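None of the values given here were measured: they were computed from a predicted structure. In this chain, residues are counted from 1 in sequence order.
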Amino acid sequence: MFTGLVADVGVVATFDRSMDGARLTFESPLASALEEGDSVAVNGVCLTAVGLCGPRFGADVMEETLRRSALGELEQGSRVNLELALRASDRLGGHVVQGHVDGIGVIGALRDEGFARIVTVEAGEDVLRYVVEKGSIAVDGVSLTVARVDESSFDVSLIPETLERTTLGDAAVGRPVNLEVDVFAKYVEKLVGR
């Protein structure tokens, strides 16, 4: 489990694709805090750390994950949001994030509003059905509050700290992003639908 509070922006050191999936290697000071088999969120996708070597760690990414997330769009040199798994003693500063991507969105628009940047994310109905104004959503693993939602998109408002400490500061129109809705919304829907 994660909180959506990015601990570091790492870099894709290698991306080796095969018929069976991919092996990605990331470079980050966070590698020193990992052990073989630890969970780590990469752009909001829960992966298992392998092949630890100095400031680098690897992760095997199966085809299912490549299909359901935007990780397949990464390449050597891409910057990624990284978060270590939550410990029972840690603060829950963001919201409950599982690292299970619900869908891929696309940055539809960007505009500045005072010191904030409003990011419009276009998404499908399968994701938007769980998105509510002032609710939580993870965009590329970053815990954010929804500022506006309609039938085809939602807005999030990013403060300078988020722009500086995550890859969302580099976001460009057309960029795919991983989306994870608030898990509680899915449970409520299942319970009410019975």
Q.
Check this for me, if you would: do Arg129 and Glu189 make a salt bridge, where the nitrogen-to-carboxylate-oxygen distance has to be below 4.0 angstrom?
A.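 Glu189 and Arg129: salt-bridged.
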Q) When you measure from the side chain of Asn178 to the backbone N and O of Ala70, does any donor-acceptor pair fall under 3.5 Å? A)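 Yes.
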Q. Would you call Arg23 and Asp60 a salt bridge, taking side-chain N to carboxylate O under 4.0 Å as the test?
A.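 Counted as a salt bridge, because a side-chain N and a carboxylate O are separated by less than 4.0 Å.
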(Q) How close do Leu179 and Ala123 get, counting heavy atoms only, and between which atoms? (A)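 Nearest pair, atom of Leu179 first, then Ala123: CD1-CB, 3.8 Å.
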Q) Taking atom CD of Glu63 and atom CE of Met19, what is their separation to the nearest 0.5 Å? A)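 That separation rounds to 8.0 Å.
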Q) Hey, does the side chain of Gln98 reach the backbone of Met1 with a donor-acceptor pair shorter than 3.5 angstrom? A)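 No, Gln98 side chain to Met1 backbone: no donor-acceptor pair under 3.5 Å.
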Q: May I ask whether Tyr130 and Val101 are part of the same hydrophobic cluster, defined by side-chain heavy atoms of I, L, V, M, F, W, Y residues being less than 4.5 angstrom apart, directly or through others?
A: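 Cluster IDs for Tyr130 and Val101 differ.
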Q.
Using the ring-ring contact (aromatic ring centres under 6.0 Å, His included) criterion, which residues pair with Phe2? Sequence neighbours excluded.
A.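 For Phe2, no residue satisfies ring-ring contact (aromatic ring centres under 6.0 Å, His included) once neighbours in sequence are set aside.
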Q: Quick one: pull up CG in Asp155 and CZ in Arg111 and give me the separation to the nearest 0.5 Å.
A: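 Going from CG on Asp155 over to CZ on Arg111, the span is 6.5 Å.
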Q.
With a 3.5 Å distance limit and no angle check, can you tell me whether Glu180 reaches the backbone of His100 through a side-chain donor-acceptor pair?
A.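 Here the side-chain-to-backbone pair exists.
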Q.
I need the single residue from Leu144, Thr120, Val132, Val149 that forms a side-chain contact (heavy atoms from CB on, under 4.5 Å) with Phe154. Which is it?
A.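 For Phe154, the side-chain contact (heavy atoms from CB on, under 4.5 Å) test succeeds with only one of Leu144, Thr120, Val132, Val149, which is Val149.
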Q. Under 3.5 Å, is there a donor-acceptor pair between the side chain of Glu83 and the main chain of Gly4?
A.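 Yes: the side chain of Glu83 pairs with the backbone of Gly4.
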**Q.** Pairs satisfying side-chain hydrogen bond (donor to acceptor under 3.5 Å, both in side chains), at least one member in residues 36-56, at least two apart
**A.**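 Only Glu27-Arg56 qualify under side-chain hydrogen bond (donor to acceptor under 3.5 Å, both in side chains).
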Q.
So which atom in Ala7 and which in Leu30 form the shortest heavy-atom distance, rounded to 0.1 Å?
A.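 In this case the closest contact between Ala7 and Leu30 is CB-CD1, 3.8 Å.
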Q) Which value, rounded to the nearest 0.5 Å, describes the distance between Phe115 atom CZ and Ser157 atom OG? A)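 Phe115 CZ to Ser157 OG: 8.0 Å, rounded to 0.5 Å.
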Q. Strictly by modelled atom types, are Glu122 and Ser152 linked by a side-chain donor-acceptor pair under 3.5 Å?
A.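 Absent: no donor and acceptor within the cut-off.
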Q: Taking atom CD of Glu164 as the centre, report whether more than 12 heavy atoms of other residues, nucleotides or ligands fall under 6.0 Å from it.
A: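 No, the 6.0 Å shell around CD holds no more than 12 heavy atoms from other groups.
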Q) Run the side-chain contact (heavy atoms from CB on, under 4.5 Å) check on Leu71 and Thr65 step by step: do they pass? A) CA-CA 8 Å; Leu71 291 184; Thr65 304; 4.1 Å; yes
Q. side-chain contact (heavy atoms from CB on, under 4.5 Å) between Thr25 and Val12: does it pass, once the steps are laid out?
A. CA-CA 6 Å; Thr25 304; Val12 176; over 6 Å; no
Q: Using distance alone, with no hydrogens and no angle criterion, decide if Asn81 and Thr167 have a side-chain donor and acceptor under 3.5 Å apart.
A: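 Side-chain D/A pair, Asn81 to Thr167: present.
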Q. If you round to the nearest 0.5 Å, how far is CG of Leu52 from CZ of Phe57?
A.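 Rounded to the nearest 0.5 Å, the CZ-CG separation comes to 8.5 Å.
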Q) Is the closest basic N to carboxylate O distance between Asp102 and Lys186 below 4.0 Å? A)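 Yes.
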Q.
Using only atom types and a distance under 3.5 Å, with no angle test, would you say the side chain of Ser32 pairs donor to acceptor with the backbone of Pro29?
A.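 Yes.
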Q) Between Asp8 and Ser28, does any side-chain donor sit less than 3.5 Å from a side-chain acceptor? A)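 There is such a pair (donor and acceptor under 3.5 Å, judged by atom type) between the side chains of Asp8 and Ser28.
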Q: State the CD-CG distance between Glu75 and Leu24, to the nearest 0.5 angstrom.
A: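 Between atom CD of Glu75 and atom CG of Leu24 there are 11.5 Å.
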Q | Joint hydrophobic cluster, Leu86 plus Leu5, side-chain heavy atoms closer than 4.5 Å | A |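 Different clusters: Leu86 never reaches Leu5 through Ile, Leu, Val, Met, Phe, Trp or Tyr contacts under 4.5 Å.
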Q.
I'd like to know if Glu113 pairs up with Arg117 as an ion pair, taking the criterion as any Lys NZ or Arg NE/NH1/NH2 lying under 4.0 Å from an Asp or Glu carboxylate oxygen.
A.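 Salt bridge flag = no for Arg117 with Glu113.
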**Q.** Distance-minimising heavy-atom pair for Gly108 and Val173
**A.**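 Shortest heavy-atom separation between Gly108 and Val173 comes out as O-CG1, 3.7 Å.
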Q. Taking the side chain from Thr166 and the backbone from Thr162, do they hold a donor-acceptor pair closer than 3.5 Å?
A.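 Yes, because the side chain of Thr166 sits within donor-acceptor range (under 3.5 Å) of the backbone of Thr162.
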**Q.** Non-hydrogen atoms of Arg91 and Thr3 that approach each other most closely
**A.**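 Result for this residue pair: O-CG2, 4.0 Å.
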Q) Rounded to the nearest 0.5 Å, what separation is found between the CG atom of Leu74 and the CZ atom of Arg79? A)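 Between Leu74 CG and Arg79 CZ, I get 12.5 Å after rounding to 0.5 Å.
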